[in-house]
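Okay, structure first, notes after.
Reminder, nothing fancy here: chain letters follow the sequence lines and each chain counts from 1. Predicted model, so just to flag it, every value in this text is computed and none were measured.
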Amino acid sequence: MTTLTAEPAHTTSAAAVQVQPVTQARVLSSEWIKMRSLRSTGLTLLAGLVAMVAVGWLVGWATNAHWSRMGPDERLRFNPIDSSLTGYHLAQLAVGVLGVLLISGEYATGMIRATFAAVPHRLPVLWAKAALYAVVTFVLMLIAGFAAFLGGQQFLSSHGTTLSATHALRDVIGVAGYLTLIGVLAVALGFIIRSTAGGIATLFGLLLVLPGIGQVLPTSWQLHTLPYLPSNAGASMFTESTDPGSLSASGGLFVLCLWVVAGLIGAAVLVKRRDA
Amino acid sequence: MIEARGLTKKYGEKTAVDDLTFTVQPGIVTGFLGPNGAGKSTTMRLILGLDSPTSGSVTVGGKPYAQHAKPLQTVGALLEARAVHTSRSAYNHLRALAATHGIAKSRVDEVIDMVGLQDVARKRAGGFSLGMGQRLGIASALLADPETLILDEPVNGLDPEGIRWIRDLLKSLAAEGHTVFVSSHLMSEMALTAEHVIVVGRGRLMADMPMAQLIAQASANVVVVRSPQATALGKALAGPDVVVSSTEKDLLEVTGLSAAQIGDQARDLGISLHELAPKQASLEEAFMEMTRDEVEYHAATPANLNGSARSAA
């Protein structure tokens with residue numbers, strides 16, 4: 001394996017190596033190569049996609065099969081759109097874990113030093129990773145959302161609805177948007193926390209644990225806190241919530257965007273200031 | 001050309017790099033020598049802007065590293081800890097780095113061939129041996145044909161053939177006018193490669209001089225003398241600036257006198273000499289001598305005879 005070239009003299013080769021200045025576009029293409037060349041990227045995103053679709057279909061099938069045994073309250077609460085998009089709970093795990101891992105993996109292996117040596121301004125790396133992951137997640141989760149919705153309605157049969165129903169299209173796009181924003185938040189947390197375990201724990205603490213803790217607050221406090229948590233604000237983007245004080249779809253989008261922007265600003269400040 | 005001015009880095013209370021001022025010139029291989037923990041790797045990270053200095057500054061080619069539009073063409077670096085994602089193949093690792101500077105794929109293949117990794121380039125870098133990892137690091141460093149090369153312990157984990165390859169590579173790069181800055185804790189390796197040497201101990205600059213001068217200085221005219229009347233000769237040679245020590249019967253090590261002076265004195269006394277040899281200190285010894293006070297823990301050395309001769313029992 002280790003046959004060495006006999007003459008080290010031609011290391012700098014006859015023809016000069018063509019080298020271009022570092023630009024945001026070149027950093028994007030570099031990050032695109034990095035993202036595609038890790039097997040975990042494809043596997044995790046596939047898991048998220050399958051979870052989104054399979055859960056939507058399964059819930060549709062189960063609801064249809066048990067319709068006759070459902071009580072009147074249950075039937076009243078039933079929403080065919082929400083039911084087919086239930087898989088987002090699982091999909092957000094995949095999207096969140098991968099978002100953290102794309103960054104923490106570089107810190108854990110030492111790759112980040114090679115990355116920052118090539119791009120010493122550092123911030124182009126943060127923007128490239130966040131933007132690429134956002135695009136990839138949005139496209140895949142939009143496909144997953146449509147598949148979950150359309151298939152789910154088929155399984156719901158006569159209890160189902162169509163894309164032309166009120167809010168149906170908005171919710172399908174909304175769920176993809178939510179998962180995308182969670183993915184970007186995960187990327188920001190990856191840069192802030194730098195360790196895989198810490199990043200994942202922080203993300204899901206924020207998404208899953210905080211709302212539970214919020215439940216024990218006095219009701220008057222809950223009204224002013226719970227709707228603004230990233231999970232609840234995000235859910236407002238694509239569910240027909242009847243919870244008191246819950247935000248409108250656009251309000252939820254705005255609040256979740258604020259979380260993501262805050263995360264990215266925090267990440268940018270730390271990435272620029274900390275030793276790599 | 002690398003220029004450090006008052007470069008200082010503190011991690012909390014610990015000072016890793018302490019007011020380093022030095023210049024690394026192009027056209028020669030400059031060794032960066034020091035015991036483990038002396039601040040060599042930190043200094044190299046400071047040069048690359050990976051860590052920011054507590055005070056002082058360092059420039060490459062007249063500018064801080066980060067201000068270069070094509071940083072990889074300015075400095076190619078091999079850092080001590082492997083800076084490679086373990087799940088990615090060597091080829092894709094290099095392709096991703098190349099993409100930041102718009103470097104063609106053909107150059108990636110070229111550096112892979114150059115370091116002899118063509119057979120394993122498509123395999124996960126995580127499965128690489130230490131030596132293969134070093135080769136991949138060297139391939140990344142050479143990718144953009146940089147003006148300056150910074151290599152942190154490049155021979156670590158390489159087989160003798162690989163070590164010789166590195167040695168020749170560094171020399172030929174320097175001969176082409178590149179600035180080559182190589183750290184090592186292996187003094188013997190540096191003696192064969194570096195023309196100039198910068199020695200650090202506990203973050204402080206200990207020496208910055210041509211390799212030949214370092215060795216000459218450290219040799220400190222030690223002369224090995226073998227004589228059947230070593231005890232008598234030792235007594236006769238002893239003086240205020242002369243140190244005579246003995247590690248075995250019939251053998252003296254004399255510091256402070258030249259071989260000629262010792263030989264003449266022996267003739268005057270009628271003492272026969274069986275051996276009279278000026279001892280060239282190895283770089284190892286020069287280095288030990290220099291950093292002795294800078295190493296936190298060191299083994300006790302055999303007591304020297306100070307100014308007066310001791311009977312060689």
Side-chain angles (χ1 to χ4, degrees), chain A residues 1-41 43 101-102 105-122 124-125 128 272-276, chain B residues 45 48-52 65-73 75 77 79 81-89 92-93 95-104 107 110-111 113-117 119-120 126 131-132 135 140 142-145 159 161-162 165-166 168-169 171-173 176 178:
Chain A
M1 54 129 258
T2 53
T3 8
L4 291 164
T5 341
E7 298 299 319
H10 57 224
T11 44
T12 48
S13 74
V17 181
Q18 289 296 311
V19 181
Q20 315 288 333
V22 177
T23 59
Q24 182 69 63
R26 295 208 173 90
V27 176
L28 270 168
S29 82
S30 166
E31 291 300 329
W32 179 234
I33 293 168
K34 280 195 205 167
M35 198 182 283
R36 282 183 309 156
S37 57
L38 290 182
R39 205 188 303 161
S40 57
T41 311
L43 290 177
L101 213 54
L102 284 174
E106 289 215 13
Y107 280 98
T109 55
M111 177 69 202
I112 197 75
R113 284 193 295 272
T115 301
F116 285 160
V119 188
H121 286 304
R122 300 187 183 182
V125 175
K272 202 70 184 160
R273 213 172 48 189
R274 274 195 302 220
D275 290 341
Chain B
R45 282 203 305 274
L48 290 175
L50 291 173
D51 288 12
S52 47
Y65 177 72
Q67 283 177 22
H68 288 272
K70 306 170 184 174
L72 288 186
Q73 196 181 42
V75 180
L79 297 167
R82 246 187 253 178
V84 177
H85 199 300
T86 43
S87 309
R88 196 173 282 123
S89 72
N92 282 323
H93 171 76
R95 266 234 300 145
L97 289 181
T100 59
H101 285 62
I103 298 167
R107 174 64 182 173
E110 212 171 281
V111 291
D113 287 351
M114 220 180 267
V115 300
L117 281 180
D119 295 341
V120 292
M132 286 151 81
R135 285 163 199 267
S140 331
L142 294 174
L143 197 56
D145 189 14
D159 47 26
E161 189 195 12
W165 173 72
I166 284 280
D168 294 347
L169 171 71
K171 283 180 178 168
S172 69
L173 284 168
E176 286 170 30
H178 295 259

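Other residues, nucleotides and ligands place no more than 12 heavy atoms under 6.0 Å from the CZ atom of R39(A). For Q18(A), the CD atom sits in a loose shell: 12 or fewer heavy atoms of surrounding residues, nucleotides or ligands are nearer than 6.0 Å.
The two residues L97(B) and A114(A) have their closest heavy-atom pair at CD2-O, 3.8 Å. For Y65(B) against A118(A), the heavy-atom pair with the smallest separation is OH-N, 4.5 Å. The nearest pair of heavy atoms linking A276(A) to D51(B) is O-OD1, 3.5 Å. Closest non-hydrogen pair, R26(A) versus T100(B), comes out as CB-O, 3.5 Å.
Counting heavy-atom pairs closer than 4.5 Å to chain A, the top residue among L143(B), I166(B), N92(B) is N92(B). Comparing S40(A), S37(A), P124(A), A108(A) by heavy-atom pairs within less than 4.5 Å of chain B, the highest count is held by S37(A).
One distance of note links NE2 of H93(B) with OG1 of T115(A); it measures 8.0 Å at 0.5 Å rounding. Q20(A) contributes atom CD, which lies 9.5 Å from atom CD of Q73(B) (distance to the nearest 0.5 angstrom). Taken to the nearest 0.5 Å, the CG atom of D275(A) stands 7.5 Å off from the CZ atom of R45(B).
For chain A, no part of A77(B) is nearby; none of its heavy atoms comes within less than 4.5 Å. Of the atoms belonging to H68(B), not a single heavy atom falls under 4.5 Å from chain A.
V17(A) is listed as a side-chain neighbour of I103(B), based on a closest heavy-atom distance under 4.5 Å. Considering only heavy atoms from C-beta on, V22(A) stays 4.5 Å or farther from K70(B) through its side chain.
Judged by distance alone, with hydrogens and angles left aside, the side-chain atoms of S30(A) form a donor-acceptor pair with the main-chain N or O of A96(B) at under 3.5 Å.
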- Please assess K34(A) against H85(B) for the test side chain to side chain contact (heavy atoms under 4.5 Å, CB included), listing each intermediate value before the final yes or no. CA-CA 9 Å; K34(A) 280 195 205 167; H85(B) 199 300; over 6 Å; no

